[in-house]
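Just so it is clear, the model here is predicted, and its values are computed rather than measured. Just so you know, residue 1 is the first one in the sequence shown, and it goes up from there.
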Amino acid sequence: MTPDTFRTLALGQMNARLASRLGAIEFLIGDKVFAALGVDPGVAMVRLSREDQARVLAAAPAVFSPQPGGAGARGVTCVRLALAQEHQVQPVLAQAAARARNARSALTRLS
């Protein structure tokens, strides 16, 4: 998978938009980042729940890995683009986008 394919899949999520910050391209729902393409063109990132992260790591450990450090322990997951297939990444992006939408909805209800 290329970074452009990842970008297309991420922007295909309902209400997704693109932003650029510190050399990274972020994909957001409202103000919540659900995925990113970083400075390393071979790696993308998705924000998952810990449970969803555990499932994708078990299903495709060559493609997905926890981000090093504390972020990875909270569900931030790296995608090795050279090994990734669209059918693997599409549902993971959908999970991450849904999580961002749900977080945004919860904040709206609290305000």
Problem - Single-linkage hydrophobic cluster Leu93~Leu11, side-chain heavy atoms < 4.5 angstrom - result: yes
Problem - Close side-chain approach of Phe27 and Val33, heavy atoms under 4.5 Å - result: no
Practice task
Please name the pair of heavy atoms, one in Asp40 and one in Gly42, separated by the smallest distance, quoted to 0.1 Å.
Solution key: OD1-N, 2.9 Å
Problem - side chain to side chain contact (heavy atoms under 4.5 Å, CB included) partners for Leu83, two or more places apart - result: Ala62, Val63, Arg80
Problem - Close side-chain approach of Leu28 to Asn15, heavy-atom, < 4.5 Å - result: no
Practice task
Would you name the heavy atoms of Leu57 and Phe64 that are closest together and state the gap between them?
Solution key: CD2-O, 3.3 Å
Problem - Same apolar cluster: Leu81 and Phe34, side chain cutoff 4.5 Å - result: yes
Practice task
Take Thr2 and Thr5 through the test side-chain hydrogen bond (donor to acceptor under 3.5 Å, both in side chains) and record every step on the way to the result.
Solution key: CA-CA 5 Å; Thr2 66; Thr5 302; 3.0 Å; yes
Problem - Close side-chain approach of Glu26 to Leu18, heavy-atom, < 4.5 Å - result: no
Fill in the blank from the handout: Correct closest heavy-atom pair for Val43 and Cys78 would be CG1-CB, 4.0 Å
Problem - Minimal non-hydrogen separation, Gly38 against Ala24, with atom names - result: CA-CB, 4.2 Å
Problem - Where Leu37 and Ala44 come nearest, the two heavy atoms and their spacing - result: CD2-CB, 3.7 Å
Practice task
Compare all side-chain heavy atoms of Glu86 with those of Met1 and state whether any distance is below 4.5 angstrom.
Solution key: yes
Problem - Shortest non-hydrogen separation from Arg17 to Gly30 and the atoms involved - result: NH2-O, 3.0 Å
Problem - Thr77 vs Met45 side-chain heavy atoms within contact, under 4.5 Å - result: no
Handout entry: Neighbour count above 12 (heavy atom, 6.0 Å) for Arg50 CZ
Key = no
Exercise for the section: State the CD-CD distance between Gln95 and Glu51, to the nearest 0.5 angstrom. Expected result: 11.0 Å
Practice task
For the pair Gln90 (side chain) and His87 (backbone), establish whether a donor and an acceptor sit closer than 3.5 Å, ignoring hydrogens and angles.
Solution key: no
Problem - Straight-line distance of Arg101 CZ to Ile29 CD1, nearest 0.5 Å - result: 5.0 Å
Exercise for the section: State, yes or no, whether a side-chain contact exists between Phe6 and Val89 at a heavy-atom distance under 4.5 Å. Expected result: yes
Problem - Heavy-atom side-chain proximity of Arg7 to Ile25 below 4.5 angstrom - result: yes
Handout entry: Arg74 side, atom CZ; Gln53 side, atom CD - distance, nearest 0.5 Å
Key = 11.0 Å
